[in-house]
Amino acid sequence: MGVFGSNPMGAGGMGRHSALFSSPDARSPLPIFVKIAALIDAPCHPFASIALTGPKPVGGIAHGYRTLGAIVVAGIALATLPWFRLPLFYESFLYLVLHWIVLATSWNILSGYSGYFSFGHGAFFGAGMYTTAVLASRFATPFLWTLPAAALVAATLGLALGAVVFRVRRLRGELFALVTLAVTFVVGTIVLNTSIDGGPGVYLSAVAVPTIGPSAASSFYLLALTIAVVTLLIARWIYAAKLGTGLFAIRDDEDAAEVMGVPTFRCKMIALGLSCALAGIAGGVHGLFVSYVTAGETFSIVVPLTVVLMSVLGGTRHWAGPAVGGAIITTLLYAFTAGDHPVLGKAVFGAMLIVVILFLPDGVLGRLVTRRRRRPPSETTVAVPKAMMAGSAHAPTDAALSLLIVRDVRKAFVGVQALSGVSLQIRQGEILALLGPNGSGKSTLINVISGHYRQDAGTIVFEGRDLRDFSPHRIMHAGIARTYQVPRPFGHLSVLENVALPIMFGAAALHRDAAEREAARWLEFTGLSTKADLLPDALNLHQRKFLELARALASRPRLVLLDEVLSGLTPGEIHEAVKLIHSIRDAGTTILFVEHVMRAVMALADRVIVLDHGVVIAEGKPTEVMEQAHVVTAFLGAKHA
């Protein structure tokens with residue numbers, strides 16, 4: 001049995017279905033090509049929105065439901081084909097098109113959306129195929145009852161893998177791809193050398209095909225069509241849901257996504273579980289279709305390479321991209337193999353892949369993908385209410401109350417001691433400046449407080465809670481937000497979506513429509529409302545810094561950590577930023593900021609703390625601290641002091 005073998009459709013060892021793939025005679029109707037319709041520029045979001053004042057996105061909920069409805073209607077229309085008495089060849093051909101659409105789309109749910117390219121899809125596909133084969137042939141389980149079991153076994157295998165590899169930060173990119181490829185061969189070896197297969201393979205020729213359509217071929221076609229419709233609905237739903245936004249953020253910058261509140265481990269596990277389950281069901285159906293399964297051809301590199309090519313060709317960032325790629329490649333496979341030009345077909349596929357990588361890196365649908373929501377240019381937004389500034393919505397309180405307490409925190413990197421027992425307190429409602437020469441540990445301390453790094457020793461207590469065992473997204477949910485010294489926006493999300501993300505995943509946990517309306521207010525507050533639909537690459541440094549600030553504030557933090565948010569700005573831009581930071585504190589948010597622009601420090605800070613070589617060397621009022629001799633020495637050196 002081969003997924004792509006030597007016969008015209010590439011499904012070698014078809015068993016009872018081999019005759020269905022002989023070419024139709026001259027009197028047969030022209031080949032049927034399934035068109036993927038309703039690929040729209042701006043997918044909307046099928047969620048109930050929360051009533052808030054402000055701009056209303058164009059399209060809205062109804063548009064999202066129309067897309068989902070169009071998929072269902074198209075599926076119902078295609079389901080009538082078997083009753084038009086077409087030659088069996090067409091039904092079997094369409095089965096293979098739909099089969100590969102399911103495999104490519106299910107692969108894309110994890111790998112395309114999150115960027116975790118997996119070469120282990122053959123393992124999950126094979127696990128489902130062998131589950132159905134064993135249950136149906138050896139235990140006489142009705143075929144349809146084996147499909148949930150196939151999904152469960154494949155999903156369990158995938159989740160067990162994800163529970164290990166997703167917790168190891170080093171296993172990303174190429175390493176993740178290699179690990180998943182190894183899993184394919186490990187599972188195949190186990191199946192081959194146990195009673196599951198044992199060597200000769202598993203025959204399913206005696207298993208009854210469920211009577212769904214007027215013929216066996218039509219029954220397989222209808223099964224594949226049903227699974228394809230469900231798979232596309234799931235892919236479209238994830239694409240429009242906040243889970244999809246989280247996965248796309250993971251693809252752009254996983255560490256920043258975690259700090260912005262995205263539970264990255266959970267999102268990846270959900271996507272992996274769904275991806276594997278769908279692949280397992282496809283494998284179960286295909287096992288009966290070919291009627292004979294062998295480990296050597298099932299657990300091969302063919303399936304993962306084919307689905308990768310299909311997804312990349314169609315576009316991995318669009319929910320329908322893999323379906324388009326799958327339809328194109330399956331059709332071309334038939335055209336070349338049926339015409340006795342299989343070698344030429346392989347050359348064409350190779351050339352196609354090169355062309356896509358060089359000239360269409362986003363795939364066929366790349367130019368149609370616009371995940372940004374469009375708003376009428378005439379609409380204006382309102383200023384951010386003070387109640388939205390801090391999660392607790394209260395003004396500055398007792399300055400003596402410590403909001404954050406850092407005690408004896410230490411952090412080393414390969415022998416370099418970045419923090420050497422730092423202790424400090426941040427009082428509620430104040431603006432605290434963290435100063436020090438380059439390499440003194442300022443950004444490292446912010447990274448430790450925000451959870452980007454884990455401290456080696458010491459405690460960090462926020463509002464009475466020890467943050468040691470908190471993951472970065474839980475720290476953000478607790479009420480701490482941050483900016484990065486070098487802006488790290490999510491490059492493939494619009495400016496509006498960048499700001500909406502922490503609203504969706506933060507403590508407010510608003511649905512997308514409501515989150516984007518609130519994000520529009522934050523863009524108005526930071527002067528970026530006219531840039532909402534642009535990608536971050538279109539912004540200058542000043543605007544990217546303010547995008548970082550808007551994204552941090554959108555989570556409604558009680559403490560915001562600003563890491564050199566003024567660096568690189570012009571004097572006029574600094575003056576504007578200083579006024580903005582004052583308004584943030586006046587609305588009730590406590591601020592810790594790292595800065596080298598002393599004019600801004602003097603204008604903003606209630607207190608300053610000076611670090612040098614990872615140790616606190618001074619603390620107090622700005623004017624008093626900056627006059628101390630050892631502080632001047634730390635900045636300028638002993639000779640100039």
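The basis for the numbers below is simple: all heavy atoms, side chains too, and nothing from hydrogens, waters or symmetry mates. Remember, it's a predicted structure, so these values are computed and weren't measured experimentally.
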Legend entry - Taking every non-hydrogen atom, the tightest pair across Arg138 and Ile196: NH2-O, 3.0 Å
Legend entry - Side chain to side chain, Leu86 and Phe93, heavy atoms closer than 4.5 Å: no
Legend entry - Side-chain donor or acceptor of Glu91 paired with backbone N/O of Ser218 under 3.5 Å: yes
Inset, instruction - State, with a plain yes or no, whether a side-chain heavy atom of Val285 is found less than 4.5 Å away from one of Tyr95. - result: yes
Inset, instruction - List the steps and the verdict of side-chain contact (heavy atoms from CB on, under 4.5 Å) for Thr67 and Tyr239. - result: CA-CA 12 Å; Thr67 303; Tyr239 181 88; over 6 Å; no
Inset, instruction - Decide side-chain contact (heavy atoms from CB on, under 4.5 Å) for Asn498 and Met260; before the verdict, give the C-alpha distance in whole Å, the side-chain angles of both, and the deciding distance to 0.1 Å. - result: CA-CA 10 Å; Asn498 265 273; Met260 291 299 130; over 6 Å; no
Legend entry - Student check: side-chain heavy atoms of Ser106 and Ile281 closer than 4.5 Å: no
Legend entry - Ile101 versus Ala323, closest heavy-atom pair with distance: CG1-O, 3.7 Å
Legend entry - Rounded distance (nearest 0.5 Å) linking atom CZ of Phe176 with atom OG of Ser114: 7.0 Å
Legend entry - Intermediate values then yes/no, side-chain contact (heavy atoms from CB on, under 4.5 Å), Leu333 and Trp100: CA-CA 12 Å; Leu333 269 175; Trp100 284 108; 5.8 Å; no
Inset, instruction - Report the distance from atom CG of Leu81 to atom OH of Tyr221, rounding to the nearest 0.5 Å. - result: 4.0 Å
Inset, instruction - Rounded to the nearest 0.5 Å, what's the gap from CG on Leu152 to CG on Leu157? Could you check? - result: 11.0 Å
Inset, instruction - Report the relative orientation of the aromatic rings in His286 and His99; use parallel for angles under 30°, tilted for 30 to 60°, perpendicular for over 60°. - result: parallel
Inset, instruction - Please answer whether the main-chain N or O of Ser118 pairs with a side-chain N or O of Ser111 as donor and acceptor at a distance below 3.5 Å. - result: yes
Legend entry - Interatomic spacing from OG1 in Thr294 to CG in Leu192 - rounded to 0.5 Å: 9.0 Å
Give the table of side-chain donor-acceptor pairs shorter than 3.5 Å for residues 182-191, with sequence neighbours excluded, one pair per line with atom names and distance.
unit_1, atom_1, unit_2, atom_2, d
Thr184, OG1, Phe119, O, 3.3
Thr184, OG1, Thr180, O, 3.3
Thr189, OG1, Phe185, O, 2.8

Legend entry - Ile301 side chain reached by Leu181 side chain, heavy atoms, under 4.5 Å: yes
Inset, instruction - Measure the SG-CZ distance between Cys267 and Phe265 for me, rounded to the nearest 0.5 Å. - result: 11.0 Å
Inset, instruction - Output yes when a side-chain donor or acceptor of Ser219 lies under 3.5 Å from a complementary backbone atom of Thr211, and no otherwise. - result: no
Inset, instruction - Not counting sequence neighbours, list each pair that qualifies as a salt bridge (charged side-chain N to carboxylate O under 4.0 Å, His left out) and has a residue in residues 260-288. - result: Glu254-Lys268
Inset, instruction - Quick one: pull up CG in Leu223 and CG in Leu288 and give me the separation to the nearest 0.5 Å. - result: 8.5 Å
Inset, instruction - Would you indicate whether the side-chain heavy atoms of Phe166 and Met269 approach each other to under 4.5 Å? - result: yes
Inset, instruction - Under the side-chain contact (heavy atoms from CB on, under 4.5 Å) rule, what do His511 and Lys242 come out as? Steps first, then yes or no, please. - result: CA-CA 7 Å; His511 291 312; Lys242 76 176 187 178; over 6 Å; no
Inset, instruction - On the 0 to 90° scale, with breaks at 30° and 60°, tag the His121-Phe124 ring pair as parallel, tilted or perpendicular. - result: perpendicular
Inset, instruction - Can you sort out the partners of Tyr130 under ring-ring contact (aromatic ring centres under 6.0 Å, His included), two or more places apart, ordered by chain and number? - result: Phe299
Inset, instruction - Would you please indicate yes or no on a ring centroid separation below 6.0 angstrom for Phe84 and Tyr90? - result: no
Inset, instruction - Looking only at non-hydrogen atoms, find the nearest pair between Ala320 and Leu365 and report the distance. - result: C-CD1, 3.7 Å
Inset, instruction - With sequence neighbours left out, write down each residue that passes side-chain contact (heavy atoms from CB on, under 4.5 Å) with Ile234, or none if nothing qualifies. - result: Ile109, Val230, Ile238, Leu274, Leu278
Inset, instruction - Taking the side chain as every heavy atom from C-beta outward, state whether Ser137 and Tyr203 have any pair of such atoms under 4.5 Å apart. - result: no
Legend entry - Shortest non-hydrogen contact from Ala327 toward Thr331: O-OG1, 2.7 Å
Legend entry - Side chain to side chain, Leu501 and Phe490, heavy atoms closer than 4.5 Å: yes
Inset, instruction - Look at the aromatic rings of Tyr113 and Phe248 and report parallel, tilted or perpendicular, splitting at 30° and 60°. - result: tilted
Legend entry - Donor-acceptor under 3.5 Å (Arg172 side chain, Tyr116 main chain): no
Inset, instruction - Report yes or no: do His492 and Arg251 form a side-chain donor-acceptor pair below 3.5 Å? - result: no
Legend entry - Note, Val72 side chain near Leu233 side chain (heavy atom, < 4.5 Å): yes
Legend entry - Residues in salt bridge (Lys or Arg N to Asp or Glu O under 4.0 Å) contact with Asp197, at least two apart in sequence or another chain: none
Legend entry - Ala150: side-chain contact (heavy atoms from CB on, under 4.5 Å) partners, not counting sequence neighbours: Thr131, Thr132
Inset, instruction - Using modelled atom types only, decide if a donor and an acceptor are shared between the side chain of Thr316 and the backbone of Ser311 within a distance under 3.5 Å. - result: no
Legend entry - N/O donor-acceptor pair under 3.5 Å between Thr80 side chain and Ala77 backbone: yes
Inset, instruction - For Ala256 and Arg488, work out which heavy atoms get closest and say how close. - result: N-NH2, 4.1 Å
Inset, instruction - Might you point out which heavy atoms bring His318 and Asn108 nearest each other, and give the distance in Å? - result: O-ND2, 3.8 Å
Legend entry - Heavy-atom donor-acceptor pair, Trp107 side chain to Pro304 backbone, under 3.5 Å: no
Inset, instruction - Would you check if the side chain of Arg512 reaches a backbone N or O of Ala240 as a donor-acceptor pair within less than 3.5 Å? - result: yes
